[in-house]
Asker: 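My questions will all concern the structure given below.
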Amino acid sequence: MIKKKRANEIFRRLARRYPDPEPALDWSHAWELLVATVLAAQCTDERVNKVTPALFKRWPTIADMATADIHEVEEMVRSTGFFRNKAKNIVASASLIINEFGGRVPETMAELIRLPGVARKTANIVLSNAFHIHEGIAVDTHVKRLSFRLGLTKHTDPVRIEKDLMPLFERKNWGDINHFLVYYGREVCNAQRPRCTECELADICPKKGVE
DNA sequence: ATCCCGAGGG
DNA sequence: CCCTCTGGAT
C-alpha cells in the first residue's frame, strides 16, 4: 500500500477509536501545559499529574516561578526524574518569559525553543494543544516507535521523522495524530510486547509480529 | 554518543 | 536484573 494511503487509513481508524481526543496531562493554561510537558520527559503523564497540582499552587503565575528557590522546586519534581535539570529549566524559562516575552508564553516555534529545556517536541505540544497552532508534529518516544513500525518513516531521528510525517497528514490533524499515536502506543503497540494479534492496524502494518 | 534520573513493570 | 516512560543539552 502507498505510504500516504496507509497514513490516511491509520488516521481514519484511530480517529474512530479515539473520537474525543483529550490530553493526558492536567493543565489549565499555556504555562501549566509547558511546565507539565517539560516534566513529562522520560516520565509517565500519570506521575507528572501527581506533582503539578502542588507546584501550581505553590507558584501560581509565571512571575512567581521566576523567583522560586531552585532547591524547593527540585524537591517537588524529584519523582519525575531528571529533577535537577527540570527544576532549573522551569525556573529559567519563567525568567526568560518575564524578561523577554512580556510575561506571556510565546506562540511561535522559534521563540518557544529559546526556552531552556524546550525543543521541538515540547513546543509542538504547547502550540497545538494550548494555542491550536500547528507548526509541526510532536515526535516523542511513542510517535517515533509507531511511525517506524507502521512504515511511515525509515528514520530514527525525531526531526527527520517529523519531516516525513508532515506531508502525510492534513495540517489541521497534526495535533490529533500525535495524540492518536501516543494513546495507541500505550494501549496496543507498546514498546516491549506489542499486541499484534489484537491490533486493528495489523492488516496494514509492515512490521506486524516482527517486533 | 553520553548524560541527566526516579518510579514502575516484568 | 533489565527496559520503558509523550526529551533535551552537551
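The basis for the numbers below is simple: all heavy atoms, side chains too, and nothing from hydrogens, waters or symmetry mates. Sequence lines set the chain letters: A, B, ... in the order given, protein chains first and strands last, and positions in each chain run from 1.
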Asker: Per the salt bridge (Lys or Arg N to Asp or Glu O under 4.0 Å) rule, which among A/Arg17, A/Arg12, A/Arg16 passes with A/Glu200?
Answerer: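 Exactly one candidate clears the test, A/Arg17.
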Asker: On DNA chain B, reading 5' to 3', which nucleotide is the first and which the last to sit with an atom under 4.0 Å from a heavy atom of chain A, could you check?
Answerer: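 Going 5' to 3' along DNA chain B, contacts run B/dC4 to B/dG8.
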Asker: For residues A/Tyr183 and A/Glu22, is any side-chain donor paired with an opposing acceptor at under 3.5 Å?
Answerer: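 On atom types as modelled, these side chains do not qualify, holding no pair under 3.5 Å.
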Asker: Could you check whether A/Phe83 gets within reach of a base, just the sugar-phosphate, or nothing at all, counting any heavy atom under 4.0 Å?
Answerer: sugar-phosphate
Asker: Assign A/Thr122 to base, sugar-phosphate, or nothing according to its heavy-atom contacts below 4.0 angstrom with the strands shown.
Answerer: sugar-phosphate
Asker: Strictly below 4.0 Å, heavy-atom distances to any atom of DNA chain C: list the hits from residues 41-57 of chain A, or just say none.
Answerer: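 DNA chain C contact set from residues 41-57 of chain A: A/Ala41, A/Gln42, A/Cys43, A/Thr44, A/Asp45.
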Asker: Once you apply a heavy-atom cut-off of 4.0 Å, does A/Ala24 come out as touching a base, just sugar-phosphate, or nothing?
Answerer: base
Asker: Determine whether more than 12 heavy atoms belonging to other residues, nucleotides or ligands lie under 6.0 Å from atom NZ of A/Lys3.
Answerer: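 Counting other residues, nucleotides and ligands, NZ of A/Lys3 exceeds 12 neighbours.
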Asker: Would you classify A/Thr80 as touching base, sugar-phosphate or nothing, given that sugar-phosphate means primed atoms plus P, OP1 and OP2, and contacts are heavy atoms under 4.0 Å?
Answerer: nothing
Asker: Any carboxylate oxygen within less than 4.0 angstrom of a Lys/Arg side-chain nitrogen, looking at A/Glu74 and A/Lys88?
Answerer: no
Asker: Here's a test for you: under side chain to side chain donor-acceptor pair (under 3.5 Å), which of A/Asp140, A/Asn173, A/Asn129 qualifies with A/Asn178?
Answerer: A/Asp140
Asker: Would you mind classifying the nucleic acid contact of A/Val139 as base, sugar-phosphate or nothing, using non-hydrogen atoms under 4.0 angstrom?
Answerer: nothing
Asker: Got a sec? Which of residues 161-180 of chain A come in under 4.0 Å of DNA chain C, heavy atoms?
Answerer: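 Within residues 161-180 of chain A, the residues near DNA chain C are A/Asn178.
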Asker: So what does A/Arg84 hit on the nucleic acid, given a heavy-atom distance under 4.0 Å: a base, only sugar-phosphate, or nothing?
Answerer: sugar-phosphate
Asker: Quick one: are A/Asn124 and A/Glu162 in side-chain contact, heavy atoms under 4.5 Å?
Answerer: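 Side-chain contact under 4.5 Å: yes.
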